[in-house]
Asker: 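Take a look at this one; I'll ask things after.
Atoms considered below: every heavy atom in the structure, side chains included; atoms not considered: hydrogens, waters and symmetry mates.
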Amino acid sequence: MHGEYKVPGGKLVVVDVDVVDGVLRHARVAGDFFLEPDEALDAVNGALEGVPADTDAAGLAARIEAALPEGTVMYGLTAEGVGIAVRRALAHATDWTDYDWQLVHEGPQPPALHMALDEVLTAEVAAGRRPPTLRVWEWASPAVIIGSFQSLRNEVDSEGARRHGVDVVRRISGGGAMFVEPGNTITYSLSVPEALVQGLSFQDSYAYLDDWVLGALGDMGVRAWYQPLNDIATDQGKIAGAAQKRIVGPDGAPGAVLHHVTMAYDIDADKMLEVLRIGKEKLSDKGTKSAKKRVDPLRRQTGLPREAVIGRMVDSFRARYGLTQGKVTDGELARAQELARTKFTAPEWVARVP
């Protein structure tokens, strides 16, 4: 069995391993990482020999750590990364390059339709009727998007939203509220087969699916990193938040994962504070007393037009994994429009957690 895992901010770890009578045999770890001394690699392989095949990544990492020679130094490699690569091998996980990726980047659409398109396109990937898809959003109007489990009244100042003409919609994924305006926000979705994240914990899947965009930002001079559980941050502040939803395939077959990210290209912080209720408790673990300081827009950090930032992100994805131009089909659009009408604009959904 073969598994691969790129350590976030590090290097690729590759594991080939057999399972005999329920235990790991003949494990061979490789990759473009750096490891000193040379015999440490034999220690890593030896630590995996005979381990029960149902050992989780943390358990595998603990065995590796205990077996390393004193003074071992790892560059671009972690014991946990090896453990995750083993789990991905055992789960028969796929890799980004196993798929023919499709780009969907169409004109501005209403917030509720974006929510519906996420659900419809990810369900199509789960059913095997659509290839894995990167969808870049364009917003037709300003909006607040609240997480699936958030309280509407706790998160949104309804009077402020009405005054500024801001739509309020609820997405199918968890996480926190996002304030978006056309031209000031970069939002994208990844709709991917569940096999791509097999062997990863929920938290690890965020880092794994965000890694490509960290590279794209780095190419634009922005040193960014994944900040658990679902933020992308720089030393100037948070620039993006991610959220996920798992969708089951037909008849219980392996499904798909929706991973979407909203990035602050620019932001009207005063308006945001009149629309969102951002409490002291939420700010307390962010290391700041001011909501204005929580988000540092990409416009300032890159000095590039929004369209150029998006273009460079798409080019970076294409260079890594391949990407062909696609579109939302007529059938997908019809189903999304119906879902926007019956679900995502319905008070029963928007206020399902009052």
Asker: I need the minimum non-hydrogen distance between G165 and P142, along with the two atoms involved.
Answerer: O-CG, 3.6 Å
Asker: Between R335 and E338, does any side-chain N to carboxylate O distance fall below 4.0 Å?
Answerer: no
Asker: Nearest 0.5 Å, please: how far is CG in L323 from CG in L134?
Answerer: 6.0 Å
Asker: Using the rule that two of Ile, Leu, Val, Met, Phe, Trp, Tyr join whenever any of their side-chain heavy atoms come within less than 4.5 Å, decide whether V125 and L258 are in one cluster.
Answerer: no
Asker: Take a 6.0 Å sphere around CD of E80 and say whether it holds more than 12 heavy atoms from other residues, nucleotides or ligands.
Answerer: no
Asker: Between Y75 and F34, what is the ring plane arrangement, given parallel below 30°, perpendicular above 60°, and tilted in between?
Answerer: perpendicular
Asker: For A112 versus T345, what's the shortest heavy-atom pair and its separation?
Answerer: CB-CG2, 3.5 Å
Asker: Less than 4.5 Å apart, any side-chain heavy atom of L152 and any of I146?
Answerer: yes
Asker: Heavy atoms only: give me the nearest G81-V7 pair and the separation to one decimal.
Answerer: CA-CG2, 4.2 Å
Asker: Does G255 offer a backbone N or O that forms a donor-acceptor pair with the side chain of E194 under 3.5 Å?
Answerer: yes
Asker: Quick one: do I64 and L48 satisfy side-chain contact (heavy atoms from CB on, under 4.5 Å)? Show the steps, please.
Answerer: CA-CA 7 Å; I64 292 167; L48 298 172; 4.1 Å; yes
Asker: Any donor-acceptor pair under 3.5 Å linking the side-chain atoms of T94 with those of Q198?
Answerer: no
Asker: At what distance, to the nearest 0.5 angstrom, does NZ of K343 lie from CE of M115?
Answerer: 11.5 Å
Asker: Is there a side-chain contact between L190 and F317 (heavy atoms, below 4.5 Å)?
Answerer: yes
Asker: Evaluate side-chain contact (heavy atoms from CB on, under 4.5 Å) for V144 paired with D167, printing each intermediate quantity in order.
Answerer: CA-CA 6 Å; V144 167; D167 291 334; over 6 Å; no
Asker: Just checking, any donor-acceptor pair under 3.5 angstrom between side chains of S148 and R352?
Answerer: yes
Asker: Is Q150 reaching over with its side chain to a backbone N or O of G147, donor-acceptor style, under 3.5 angstrom?
Answerer: yes
Asker: Please determine if R312 and D315 form a salt bridge, counting it only when a charged side-chain N lies under 4.0 Å from a carboxylate O.
Answerer: no
Asker: Please answer whether the main-chain N or O of V350 pairs with a side-chain N or O of R170 as donor and acceptor at a distance below 3.5 Å.
Answerer: yes
Asker: If only side-chain N and O atoms count, and only distance matters, is there a donor-acceptor pair under 3.5 Å linking E36 with T72?
Answerer: no
Asker: For E119, is there any backbone N or O sitting under 3.5 Å from a side-chain donor or acceptor partner on T122?
Answerer: no
Asker: Nearest heavy-atom pair of L35 and L41: which atoms, and what distance?
Answerer: CD2-N, 3.6 Å
Asker: Which is it for H26 and E49 under the side chain to side chain donor-acceptor pair (under 3.5 Å) test, yes or no, and what are the steps along the way?
Answerer: CA-CA 7 Å; H26 315 121; E49 185 69 20; 5.2 Å; no
Asker: Does V82 share a hydrophobic cluster with V14, counting links as ILVMFWY side-chain heavy atoms below 4.5 Å and allowing steps through other members?
Answerer: no
Asker: Do the side-chain N and O atoms of T302 and R299 include a donor-acceptor pair separated by under 3.5 angstrom?
Answerer: no
Asker: For D219, I'd like to know if atom CG has over 12 heavy atoms of other residues, nucleotides or ligands within 6.0 Å.
Answerer: yes
Asker: Is it the case that one hydrophobic cluster holds both V104 and V120, taking links as side-chain heavy atoms less than 4.5 Å apart, direct or via other members?
Answerer: no
Asker: Indicate yes or no: at least one non-hydrogen side-chain atom of V314 is less than 4.5 angstrom from one of H105.
Answerer: no
Asker: Under a 4.0 Å N-O cut-off, is there an ion pair linking K327 with E106?
Answerer: no
Asker: With heavy-atom distances below 4.5 Å as the criterion, would you say the side chains of W101 and R320 are in contact?
Answerer: no
Asker: Before we go on, tell me: are the rings of Y321 and W212 under 6.0 Å apart, centre to centre?
Answerer: no
Asker: So, H114 and R135: side-chain donor and acceptor under 3.5 Å apart, yes or no?
Answerer: yes
Asker: CZ/F344 to CG/L113 distance, rounded to the nearest 0.5 angstrom?
Answerer: 10.0 Å
Asker: Does the side chain of Q244 come under 3.5 Å of the side chain of H260 through a donor N or O and an acceptor N or O?
Answerer: no
Asker: Counting N and O atoms only, with roles assigned by atom type, does the side chain of K6 sit under 3.5 Å from a partner on the main chain of G10, one being a donor and the other an acceptor?
Answerer: yes
Asker: Under the criterion side-chain contact (heavy atoms from CB on, under 4.5 Å), I'd like the reasoning laid out for L196 against Y99: C-alpha separation, chi angles, the key distance, then a yes or no.
Answerer: CA-CA 10 Å; L196 184 62; Y99 300 104; 4.3 Å; yes
Asker: Treating D231 as the side-chain partner and K238 as the backbone partner, does any N or O pair qualify as donor plus acceptor under 3.5 Å?
Answerer: no
Asker: Is there a side-chain contact between H2 and R88, using heavy atoms and a 4.5 Å cut-off?
Answerer: no
Asker: Measure across A91 and G199 and return the closest heavy-atom pair with its distance rounded to 0.1 Å.
Answerer: CB-N, 4.0 Å
Asker: Under a single-linkage definition using a 4.5 Å side-chain heavy-atom cutoff for Ile, Leu, Val, Met, Phe, Trp and Tyr, are L333 and L121 assigned to the same hydrophobic cluster?
Answerer: yes
Asker: How long is the straight-line distance from OG of S141 back to CD of E181, given to the nearest 0.5 Å?
Answerer: 10.5 Å
Asker: Keeping the roles fixed (side chain from R171, backbone from G174), state whether a donor-acceptor pair exists under 3.5 Å.
Answerer: yes
Asker: Please examine the side chains of M220 and S316, heavy atoms only from C-beta on, and report whether any two atoms are closer than 4.5 Å.
Answerer: no
Asker: Only one of L77, T78, I84, V86 clears side chain to side chain contact (heavy atoms under 4.5 Å, CB included) with V13; which?
Answerer: L77
Asker: Return the orientation label for the W139 and W137 ring planes: parallel under 30°, perpendicular over 60°, tilted otherwise.
Answerer: tilted
Asker: With a 3.5 Å distance limit and no angle check, can you tell me whether R277 reaches the backbone of V156 through a side-chain donor-acceptor pair?
Answerer: yes
Asker: Following the transitive rule for hydrophobic clusters with a side-chain heavy-atom cut-off under 4.5 Å over Ile, Leu, Val, Met, Phe, Trp and Tyr, establish whether L24 and V44 coincide in one cluster.
Answerer: yes
Asker: Has K245 got more than 12 heavy atoms of other residues, nucleotides or ligands less than 6.0 Å from its NZ?
Answerer: no
Asker: Can you tell me how far apart OH (Y5) and CG (L12) are? Round to the nearest 0.5 Å.
Answerer: 11.0 Å
Asker: One pair to check against side-chain contact (heavy atoms from CB on, under 4.5 Å): T133 and V192. What are the steps and the verdict?
Answerer: CA-CA 7 Å; T133 299; V192 307; over 6 Å; no
Asker: Could you state the interatomic distance from CG (D18) to CE (M1), rounded to the nearest 0.5 Å?
Answerer: 6.5 Å
Asker: Would you say that Y208 contacts Y226 through its side chain, given a criterion of any heavy-atom pair below 4.5 Å between the two side chains?
Answerer: no
Asker: Whether the side chain of D95 engages the backbone of D98 through a donor-acceptor N/O pair (distance < 3.5 Å, no angle test) should be reported.
Answerer: no
Asker: For the CG atom on D330, are there more than 12 heavy atoms of other groups (residues, nucleotides or ligands in this structure) within a distance under 6.0 Å?
Answerer: no
Asker: With side chain to side chain contact (heavy atoms under 4.5 Å, CB included) as the test, pick out the partner of V261 among D210, T187, V213.
Answerer: D210
Asker: Would you call I232 and W225 a side-chain contact if the rule is heavy atoms closer than 4.5 Å?
Answerer: no
Asker: Provide the closest heavy-atom pair for D157 versus G160 in the form atom of the first, atom of the second, distance.
Answerer: OD1-N, 2.9 Å
Asker: Using atom types as modelled and distance alone, determine if a side-chain donor or acceptor of Y265 lies under 3.5 Å from a backbone N or O of R306.
Answerer: yes
